[in-house]
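Encoded as structure tokens, the structure appears first; notes follow it.
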Amino acid sequence: MKNKVKLFQKEFSLKFPLSAIDRKTILLLSGFMLLLTCTITGCGSNSPQQPILPVAEPIPTENPAQEEPAKADQSQSVSDASSSSPSYWGTWQITSSTFGAYSAMSEEDCSALMGTRFEYFKDYAIYDNQHRLDSPQYIESILTADDFSSIYQGTSLETLGISKDSIQVVAIENAGGIGDTFYIKDENTLIIPWDGVFFEVQRISSGN
């Protein structure tokens, strides 16, 4: 490479004397020729030039299907009627009554209801003077003593002989009439409110 440059400079100096061309111009031309030769030949590098290949986009690989997380069991516990029946299933009868703070019934009306029976079972309910409801839905809840007194305008649980801070109440859905709602006083006693009077009913037979 150096021999070629010297030969070029020698031939150039013979054809164009230094008096006619500036030395700086010669140096610039020599450098240009050197750069051009280096670009073409690879500047004497022993390793061959590698062709420039286009960069290929990486092929995305599909992730294996992820298993769906197990869904939380959102089912609520339902009481099994075959293994354990609610305590209020059975046949009941009115034995006494207590007037609340406000009542729309007379003593004669209450006396006429003495001995009335109610039947609460899984497949049917009989209430309100033999009104029958098939496949009744019993809705159970808890009522505090203060809420009870507020609902019945001053009549307290103590008035009914119940010394508790709360009481369980059961309402029969889609039912209307005396016996569609009752309170559980104890295992063998229910309280049925109606027109300001609280009827106490005793168990005659069990639902088991």
Side-chain angles (χ1 to χ4, degrees), residues 69-208:
K71 295 182 180 180
D73 185 8
Q74 299 178 353
S75 60
Q76 297 178 350
S77 60
V78 180
S79 59
D80 187 359
S82 61
S83 59
S84 95
S85 301
S87 62
Y88 51 83
W89 282 3
T91 303
W92 306 80
Q93 185 177 33
I94 294 179
T95 56
S96 63
S97 62
T98 300
F99 282 85
Y102 301 92
S103 174
M105 299 185 70
S106 64
E107 293 185 1
E108 290 77 8
D109 294 333
C110 292
S111 298
L113 292 174
M114 291 296 110
T116 301
R117 292 193 177 190
F118 303 89
E119 297 183 26
Y120 302 118
F121 294 98
K122 176 183 178 181
D123 298 328
Y124 71 93
I126 296 179
Y127 63 98
D128 192 19
N129 294 328
Q130 307 303 315
H131 286 188
R132 180 187 177 105
L133 177 65
D134 292 327
S135 301
Q137 299 295 320
Y138 299 95
I139 302 174
E140 303 175 2
S141 59
I142 299 296
L143 196 66
T144 64
D146 292 339
D147 289 339
F148 184 92
S149 179
S150 176
I151 291 173
Y152 296 106
Q153 302 179 358
T155 302
S156 63
L157 291 179
E158 293 181 355
T159 304
L160 304 177
I162 302 172
S163 56
K164 298 179 181 179
D165 295 332
S166 62
I167 190 171
Q168 183 177 6
V169 56
V170 180
I172 305 175
E173 190 175 5
N174 299 327
I178 183 172
D180 61 350
T181 301
F182 53 87
Y183 295 89
I184 301 177
K185 183 175 182 179
D186 55 50
E187 185 178 355
N188 294 308
T189 310
L190 303 180
I191 300 294
I192 295 179
W194 188 251
D195 284 346
V197 179
F198 298 88
F199 294 94
E200 187 170 287
V201 295
Q202 298 293 325
R203 183 189 299 277
I204 296 178
S205 65
S206 175
N208 296 331

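No hydrogens, no waters, no symmetry mates; every other heavy atom, side chains included, goes into these values. Counting begins at 1 with the first residue of the sequence. Everything quoted here is computed from the prediction, not taken from an experiment.
V201 places none of its side-chain heavy atoms less than 4.5 Å from the side chain of F182. When side chains are defined from C-beta on, L113 counts as touching F199, because their heavy atoms get closer than 4.5 Å. Contact check for I167 versus I142: no side-chain heavy atoms found under the 4.5 Å cut-off. No side-chain heavy atom of V170 sits less than 4.5 Å from a side-chain heavy atom of I139. Looking at T181 and V169, their side chains come closer than 4.5 Å, going by heavy atoms from C-beta outward. Side-chain contact between Y124 and E119 is present, with heavy atoms from C-beta onward closer than 4.5 Å. Proximity of D134 to D123: side-chain heavy atoms (C-beta onward) are nowhere separated by under 4.5 Å. Within the 4.5 Å cutoff, the side chain of Y120 has no heavy atoms near those of the P136 side chain.
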Is there a ring-ring contact (aromatic ring centres under 6.0 Å, His included) between Y138 and Y88 once you walk through the steps?
CA-CA 10 Å; Y138 299 95; Y88 51 83; 5.4 Å; yes

Using side-chain hydrogen bond (donor to acceptor under 3.5 Å, both in side chains), reason through D146 and S149 one step at a time and then give a plain yes or no.
CA-CA 5 Å; D146 292 339; S149 179; over 6 Å; no

Given side-chain contact (heavy atoms from CB on, under 4.5 Å), test F121 with I126 step by step and report yes or no.
CA-CA 9 Å; F121 294 98; I126 296 179; over 6 Å; no

Would you sort out whether F198 and Y152 count as a ring-ring contact (aromatic ring centres under 6.0 Å, His included), showing the intermediate values?
CA-CA 10 Å; F198 298 88; Y152 296 106; 5.1 Å; yes

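No donor-acceptor contact under 3.5 angstrom links the side chains of Y183 and Q168, judged on distance only. Inspection of the T189 and D186 side chains reveals an N or O donor paired with an N or O acceptor under 3.5 Å.
The CG atom of L143 lies 12.5 Å from the CG atom of D165; values are rounded to the nearest 0.5 Å.
Surrounding CD of E140 are more than 12 heavy atoms belonging to other residues, nucleotides or ligands, all under 6.0 Å away. Taking a 6.0 Å sphere around CD of E107, one finds it holds 12 or fewer heavy atoms contributed by other residues, nucleotides or ligands. Enclosure of atom OH in Y102 is not indicated, since only 12 or fewer non-hydrogen atoms of other residues, nucleotides or ligands lie within 6.0 angstrom.
A side-chain donor-acceptor contact under 3.5 Å links T95 to the backbone of E200. Within the 3.5 Å criterion, the main-chain N or O of T91 finds no donor-acceptor partner in the side chain of R203. The closest donor-acceptor contact from the side chain of Q93 to the backbone of G115 lies under 3.5 Å. Side-chain N or O atoms of K185 include one that pairs as donor or acceptor with a backbone N or O of L160 at under 3.5 Å.
Ring geometry, H131 versus Y127: the interplanar angle exceeds 60°, so the pair is classed perpendicular (tilted spans 30 to 60°).
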